[in-house]
Amino acid sequence: MSLKYIEIQGVEQTFKTKKGNFPALRDINLTVAKGEFVTLIGHSGCGKSTLLNLIAGLTVPTEGVLLCADKEIAGPGPERAVVFQNHSLLPWLTCFENVYLAVERVFSATETKAQLKARTDAALAMVGLTPAAQKRPGEISGGMKQRVGIARALSMEPKVLLMDEPFGALDALTRAKLQDELLDIVARTHSTVVMVTHDVDEAVLLSDRIVMLTNGPAATIGEVLTVDLPRPRNRVALADEPKYQQCRKAVIDFLYTRQAHVEKVA
Amino acid sequence: MVSAVFHSPLEVAPATKAEPHAVTTVAAVPRPAPAPVVQFKRGWDLRFLWTNVLPPVLGLVFLITVWAVVAGTGESGIPTPLETWKQALEVFSDPFYQVGPNDQGVGWNVLMSLQRVAIGFGLAAAVGIPAGFAIGRFEFLSRMFNPLISLLRPVSPLAWLPIGLLVFKGANPAAIWTIFICSIWPMIINTAVGVQRVPQDYMNVARVLNLSEWKIFTKILFPAVLPYLLTGVRLAVGTAWLVIVAAEMLTGGVGIGFWIWDEWNNLNVASIIIAIFVIGIVGLLLEFGLIKLATLFTFEEVKS
């Protein structure tokens, strides 16, 4: 677990806007170990998603370097799969085809068509969507769409799974169910995960470490909390666990006392 | 709905589609309602009649009334609806006769016009759609061609006709050229706009998966742009059908536009009115077909 897998060194991100430069992130230093589950938490607008996009390679930092497995992250790639906030499934493809597109891209050089299909089926089965494989995204619920998005990301056997508020748009019950599924999947696949969230319970339940960002502009890492709870974790049992309560308290304290969000009147 | 004047197949189509016994009630509406008691029992039917059947029928009655009043003043020279109707029966009794190059049935004229539109429009689609994709995908091309498009698009179709005559030295290719140049702009512009409006999320998926340009085109760009593209096609066909009449009037030969001009020279105004209806109906059918086609290819998030 001590192996450095993702390294973020002195990263700074400034966006050019019409009103001049907008500093989004400054002085970000973070390492993520292989198999670790890290969540990024902070108030909206603090640059959580910006940081995730940097790791994904969708944007390049203004300053600093990001490394993944000792290689500089120069652009997006299938070894760093992204689960997008709004699922981003292609509406004209069936669930199967959406996943197959990813599988085909990563494995078509080395595997037969039958193997690719088997991989796709396996990925859909993992998220419990085998019956919906031939449906289009428009015909399934929001939670199912998000599961297809997760299946698509996992099907690529990525080194790192990046999730941008994957459950943000779901209702509380569906969210809890998908969190449990995600815990289960991560335990089986030993994936390295970086996840953006604004939900304290979600962060404590899922993470090995919680990275708390200060308020923007020019946000940086305010505090890192290690969640020392044994796995497998059960949300019902955890509710009474004092350590769980302590972690929860620490994050809430950071978010609402020290980084109390002041809405600026424009 | 205009088609009801002729009782052409189009009138039958919506009626049969709506409901079996709606056919009989359509005819009943313009007369004073014969048995209101019976209709009250079928409340649903009454509402359906009120919202879906009555308004278009009233519109038609309005048009024919205005027409009859204008024609009835006697000095305008416009034939009455009844005279036109009689003439129409005659014209449509043999739409495909062929006496000479300048005397052919209305069916041939329409088909000739449609053929010119098809060729001109097909060429425009073959050039305009790929051009639209290129302009939409590459910022440089967009900046390069946008001023040209803005400059040339508002030009009246007929201004292009002399250029066509000069270059192609023939009436038929000149007419096709005019169709081509007029119907190309909506396709270029709509395709380009469609490409520029492909949701960034989809492009992010393409980037994360590192898809090849070909895969991006077939799996993301083309399906995402298709609804925009089909709107462009629809506008282009509409324009082409507008332009063909004017172009044929000037170039002669066989075609619905030429037919109008020919009948005008014969002072046969009833035929001109018939031609107006025929042009309208054909345009309506083209539009209707393309809308059906467009809905087939429209998906959830991109539904207009």
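Source: prediction; values computed, not measured. Quick note on labels: first sequence line is chain A, next is B, and so on, each numbered from 1. Hydrogens, waters and symmetry mates are skipped; everything else that's a heavy atom, side chains included, is used.
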Just checking B:Arg143: does its CZ atom have more than 12 heavy atoms from other residues, nucleotides or ligands closer to it than 6.0 angstrom?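 12 or below, so no.
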
Atom pair [atom1] ([X]) and [atom2] ([Y]), whose distance is rounded to the nearest 0.5 Å:
{"X": "A:Asp164", "Y": "B:Asn204", "atom1": "CG", "atom2": "CG", "value": "10.0 Å"}
{"X": "B:Gln200", "Y": "A:Ser88", "atom1": "CD", "atom2": "OG", "value": "10.0 Å"}
{"X": "B:Lys219", "Y": "A:Arg105", "atom1": "NZ", "atom2": "CZ", "value": "14.5 Å"}

Counting only heavy atoms closer than 4.5 Å, note whether A:Glu139 contacts chain B via side chain, backbone, both or neither.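 Neither part, no heavy atoms under 4.5 Å.
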
For A:Arg80, is it the side chain, the backbone, both or neither that has a heavy atom under 4.5 Å from a heavy atom of chain B?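 Just the backbone, heavy atoms under 4.5 Å.
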
With a 3.5 Å cut-off and sequence neighbours excluded, list the donor-acceptor pairs that the side chains of residues 56-64 of chain A form with protein atoms.
residue: A:Thr62; atom: OG1; partner: A:Glu12; partner atom: O; Å: 3.4
residue: A:Thr62; atom: OG1; partner: A:Gln13; partner atom: OE1; Å: 2.9
residue: A:Thr62; atom: OG1; partner: A:Thr14; partner atom: N; Å: 2.7

Interchain contact, B:Leu226 with chain A, by part (heavy-atom threshold 4.5 Å):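 It is neither, since no heavy atom gets under 4.5 Å.
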
Taking the six-membered ring for Trp, are the ring centroids of A:Trp92 and B:Phe222 within less than 6.0 Å of each other?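 Here the rings of B:Phe222 and A:Trp92 have centres that are no less than 6.0 Å from each other.
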
Please list, in residue-number order, every residue in residues 211-218 of chain B that has a heavy atom less than 4.5 Å from any heavy atom of chain A; write 'none' if there are none.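 Against chain A, the residues of residues 211-218 of chain B that fall inside the cut-off (heavy atoms, under 4.5 Å) are B:Leu211, B:Lys215.
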
Restricting to non-hydrogen atoms, name the atom on [X] and the atom on [Y] that form the minimum distance, rounded to 0.1 Å.
{"X": "A:Met156", "Y": "B:Leu209", "answer": "SD-CD2, 3.2 Å"}
{"X": "B:Tyr202", "Y": "A:Leu89", "answer": "CE2-O, 3.5 Å"}
{"X": "B:Asn210", "Y": "A:Gly77", "answer": "ND2-CA, 3.9 Å"}

Answer whether the closest heavy-atom distance between the side chains of A:His87 and B:Asp201 falls below 4.5 Å.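 SC-SC contact between A:His87 and B:Asp201 ruled out.
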
Pairs meeting criterion ring-ring contact (aromatic ring centres under 6.0 Å, His included) with involvement of residues 98-132 of chain A, two or more places apart: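 Qualifying pairs: A:Phe96-A:Tyr100.
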
What pairs with B:Ala131 under side chain to side chain contact (heavy atoms under 4.5 Å, CB included), at least two apart in sequence or on another chain?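 Side chain to side chain contact (heavy atoms under 4.5 Å, CB included) check on B:Ala131 returns B:Ile188.
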
